[in-house]
Amino acid sequence: MSIQISAEDRDLLFRAFQQSSQPLTAKKLWDGIGKVSRFKESELHGVLNDLAKEGSLKTHRAQRSVFWLPALEEEAKTKILQALGDERLSKSALENRLKSRLVGWPVQQRENLLTRLVAAKSVYKLPPLKGNYGLYSARPADPREYLDKAFTELARKILRLAENSEPAGFTPERVFAVAEELWRSAFPQAVTAPSAPVIEKKEGEKEKDLNDAIIGRMLQRWPAAAGGALVSVTELRRELDAEIPQKEDFDRRILELAATEKIALHRHDYPANLEPTEREALVTDNHGNFYIGIALRA
Amino acid sequence: MDVIKTLPNPFRSSVVSDPWLPPETDVQSVHQTAFARCCEAIAVVRSRQRATSVLLHGEAGSGKTHLLARLRAHLIAEAKADGPGGVQEAVFISVRLQTSARMIWRHLLRRTVDDLLRREGNNLSQLERLLLHRLGETGLAIGDGRRWLTQKRDESQNQNLLRHLIEPFFERIDVAGRIGYQLRIVLGFLLLGQHRGLAGAWLRGESLPEAELEKLGLAGDAESEEELEERAFRTVIALASLATSELPIIFCFDQIEALQLDGQDRTGLVAFGQMMSALHAESRHVLLISCIQSAFLDTLHRTVRTSDLARISEYAETSLNALTWSEGLKLIRARMEKTPELSALRASAGDALWPLDEAEVKTIFTPTGCTARMLLSYCAELFEAKRSGDQAPPHEPAPAANLFLDQELESRKKKSLEGSVSSQTDQIITHGLPALIQLVRNKWRQSDKRPPPGVDLVFEGPHGRVGLSLCNQQHYPSLSTKLGHLINPLREKQLDRLVVLRDSRLPLGPKARVNRAKRDQLLQHGALWIEPSIESLAVLDALRQLLADANSGEIDNRGHPIGRRTVEDWLLSNLNSDLNDLLEQMLPEEADPHQFSELLEALCELVERHYLVSVGDAAAMLSREEREVIDHLESQTDRIGVLGEPPAVLFRLVPDHAL
């Protein structure tokens with residue numbers, strides 16, 4: 001049978017939860033509100049369970065059950081992302097960091113939050129680079145990191161064989177042809193049919209793809225950009241260094257995007273106050289304007 | 001173009017500096033995303049009953065303050081449309097952060113109270129609306145709120161209504177006990193319209209003499225600087241707790257850049273971050289909107305703690321972008337349509353931008369757009385050119401305008417003199433003096449170590465450590481406590497020099513025997529006692545405001561923002577000797593034997609009280625010879641007005657600019 005409490009007491013309960021940065025046991029809650037509430041301590045557990053049933057609170061049932069507001073989970077997820085930062089951490093290293101950041105959260109709930117972040121692609125579970133244990137990161141992995149070493153080694157062997165082909169009785173071309181044959185048979189899903197023509201994209205399409213990639217990367221790396229938050233040009237350029245290594249090319253593309261009104265550029269109002277290196281790192285249009293940030297237009 | 005010769009220029013007033021003023025023209029589609037996010041955030045506060053925040057950024061002149069004005073106007077319109085019993089207009093608090101880290105909460109409190117007590121026309125003040133709303137919620141105020149209030153105010157003249165009404169009211173609404181006894185009393189006075197001036201002053205955190213506190217029935221405590229800051233914090237939180245989901249409070253923070261003394265200074269921004277976190281954590285029905293320049297965003301991210309940043313932009317972080325050509329067109333047309341005569345002329349012109357030329361207007365647009373302020377300034381020039389029949393002015397960057405900056409400084413000085421009150425002296429000195437020292441005396445810097453008790457600022461330079469203590473308390477026990485703390489730093493040589501500053505409008509009266517004795521003791525130990533003139537305080541105030549406005553992109557010369565460095569260079573090039581004189585007044589190298597005397601102080605205090613007094617009466621009241629009084633007046637005509645030759649009448653001096 002559910003226990004009726006007054007609107008004032010309900011208000012009191014929720015305020016106590018709002019003011020807490022961690023889940024609370026019934027005892028801890030009672031320590032905070034016992035003196036001013038109108039219901040009895042013996043009734044508190046029942047009240048909390050009722051609130052959990054109606055969905056106003058979340059709970060983890062254990063010997064000492066804890067309760068929290070659903071909104072606290074968002075805060076907890078933010079703390080998990082902050083714990084990761086820009087690093088890649090093993091499960092145990094992450095768990096160690098979370099112990100101090102998510103005080104009062106049961107281990108199982110911490111795991112649940114992490115699982116949900118992975119499902120939402122806010123956190124990525126990366127294959128191990130070394131050993132058997134995977135890593136967690138707030139940024140997606142690049143396959144290159146995993147394959148680079150193996151391919152470099154393989155390429156070295158193929159080239160060495162090609163260099164020593166003549167005394168062995170075959171040509172370098174034969175070496176490369178066999179290598180390609182072996183590649184195709186190993187990864188049939190990755191290869192187009194030999195007779196299918198490789199369609200070269202027109203320059204204009206390539207340009208468009210790369211310009212679109214700029215916006216795509218903005219949204220992926222800085223989700224708040226979708227709402228109009230400003231993204232630093234220097235950070236974006238660093239992020240796209242592999243795809244657009246030349247600053248002039250990057251600046252040109254950014255200015256093109258601005259001209260099409262897909263993005264808005266924010267000028268630095270006092271570029272003369274900057275150090276030369278800081279100023280040169282900004283996007284410039286060679287008319288004396290230095291742009292410090294990019295925002296998506298609606 | 002004769003037809004428009006007599007018409008006002010519709011493009012003047014390109015700078016919106018006050019979000020309380022309704023926007024001159026508003027194009028809804030411009031900055032619609034940012035506006036929508038603010039409205040959504042208000043809805044979240046109303047529905048989910050928790051505090052949240054929005055961070056807005058844009059170039060100087062992009063329209064941040066204009067957006068706040070639009071938001072306020074929207075809330076008013078929404079409430080009116082919904083009618084009585086419907087959605088209520090939110091309470092609006094606008095805070096320009098021209099302050100220092102040490103006084104950030106006191107500054108916030110002062111601005112909050114100023115806006116809470118603001119009333120427009122015959123309407124209720126925001127505080128009255130808040131209290132009436134809460135009274136209605138509790139059932140203590142029945143029916144029409146204004147009529148009920150008028151009735152209670154009439155009744156309260158004859159009865160001790162305060163206790164019978166206010167106590168049960170706060171018992172019901174303040175379950176968490178945030179609103180202390182003294183605050184309840186003061187809020188009661190303000191609600192019932194009693195002791196408005198004094199109650200407002202107390203609420204702002206001003207130091208009041210004991211006699212005035214007695215009128216309010218309050219006790220004064222001798223509080224240290226930290227305690228004053230803590231009290232300001234608790235008072236702000238207590239006032240914020242009056243908000244409800246139906247009537248939330250929106251805090252709008254502007255000129256955050258003004259908290260930074262120079263590029264390396266972190267203390268102001270760190271304090272801002274902490275303040276925002278505290279407001280967010282301790283309040284429920286509150287929306288915090290912060291506005292910064294885009295160029296400052298990186299500094300904010302680097303300086304403020306990550307957890308504080310999250311609380312500054314919890315609901316949204318969004319930009320106010322430069323206008324596209326189509327947005328610019330809408331803005332120009334909207335401005336011109338606002339003037340009926342011009343609108344009528346335009347109807348027959350056939351050209352969308354008449355009397356302006358589209359090609360000419362377009363020259364100011366780059367492929368990346370144009371800020372609203374720059375566009376309006378340029379259109380203002382084009383319009384003038386059309387009126388006078390001149391060629392359109394070519395768009396060139398505005399030259400560094402010495403005359404312009406000179407006018408800017410003068411207008412700020414005039415405004416400061418007009419509104420000058422002794423309760424603002426601490427704010428002026430703590431915010432302005434470090435900026436002045438940095439500007440003029442390169443070898444000096446403000447110490448970042450904690451100053452000794454009683455000392456407010458410490459500067460380190462070639463002559464050692466100079467401490468400055470601001471002793472502007474009107475509550476004599478508080479002043480006594482502070483003066484008492486100052487003897488130790490001198491005895492223990494923690495400072496090489498101590499300067500004690502008291503506003504010249506606050507002379508120590510004849511009853512201040514204890515304070516006079518403590519002052520004498522400090523002087524014997526080598527401290528300097530200075531009382532800067534109202535004019536020098538006004539100059540310092542104007543200077544700090546000019547620098548703060550430049551930092552925040554609000555100094556605009558024909559659409560082009562003038563930055564802090566330009567202003568600093570101009571000040572050093574043009575006013576170097578004046579700035580040094582000003583600094584010499586604030587931090588003198590040696591004591592001026594003629595500046596301070598007990599008799600002069602007593603005379604100042606006498607004219608403060610009596611306004612006009614004959615020399616004979618003054619001498620009699622102070623038990624001095626007339627000759628002695630006249631001798632003392634000869635070099636002090638900037639502090640006391642004198643009539644007659646030889647002086648026969650003394651009067652209270654009011655600066656020319658304040659008249």
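Atom set for the values below is all heavy atoms of this structure, side chains included, hydrogens, waters and symmetry mates excluded. Below, chains carry the letters A, B, ... as their sequence lines are ordered, and counting in each starts from 1.
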Inset, instruction - Select one option (side chain, backbone, both, neither) describing which atoms of B/Ala176 are under 4.5 Å from chain A's heavy atoms. - result: both
Legend entry - chain B contact via A/Ile292 - side chain, backbone, both or neither, heavy atoms under 4.5 Å: side chain
Inset, instruction - Using non-hydrogen atoms and a 4.5 Å limit, figure out which bit of B/Ala550 sits close to chain A: side chain, backbone, both or neither. - result: backbone
Enumerate, including both backbone and side-chain atoms, all donor-acceptor pairs under 3.5 Å from chain B to chain A.
from	atom 1	to	atom 2	distance (Å)
B/Glu59	OE1	A/Arg267	NE	3.1
B/Glu59	OE1	A/Arg267	NH2	3.4
B/Glu59	OE2	A/Arg267	N	3.0
B/Ala60	N	A/Asp269	OD2	3.1
B/Arg284	NE	A/Gln18	OE1	3.3
B/Ser294	OG	A/His266	ND1	2.5
B/Glu317	O	A/Ala229	N	3.2
B/Thr318	OG1	A/Gly227	O	3.0
B/Ser319	N	A/Gly228	O	3.0
B/Ser319	OG	A/Gly228	O	2.6
B/Asn321	OD1	A/His266	NE2	2.8
B/Ala322	O	A/Arg297	NH1	3.2
B/Ala322	O	A/Arg297	NH2	2.8
B/Thr368	OG1	A/Tyr291	OH	2.9
B/Ala550	O	A/Tyr270	OH	3.2
B/Arg565	NH2	A/Asn273	O	3.4

Inset, instruction - Could you look at A/Ala225 and say if it's the side chain, the backbone, both or neither that has a heavy atom under 4.5 Å from chain B? - result: neither
Legend entry - B/Ala60 portion near chain A, given a 4.5 angstrom heavy-atom threshold: both
Inset, instruction - Measure distances from A/Leu255 to the heavy atoms of chain B and classify the residue's part below 4.5 Å as side chain, backbone, both or neither. - result: side chain
Legend entry - Residue B/Leu320 versus chain A: region with a heavy atom under 4.5 Å: backbone
Inset, instruction - Heavy atoms only, distances under 4.5 angstrom: which of A/Ala258, A/Gly228, A/Ala295 has the most pairs with chain B? Name it, please. - result: A/Gly228
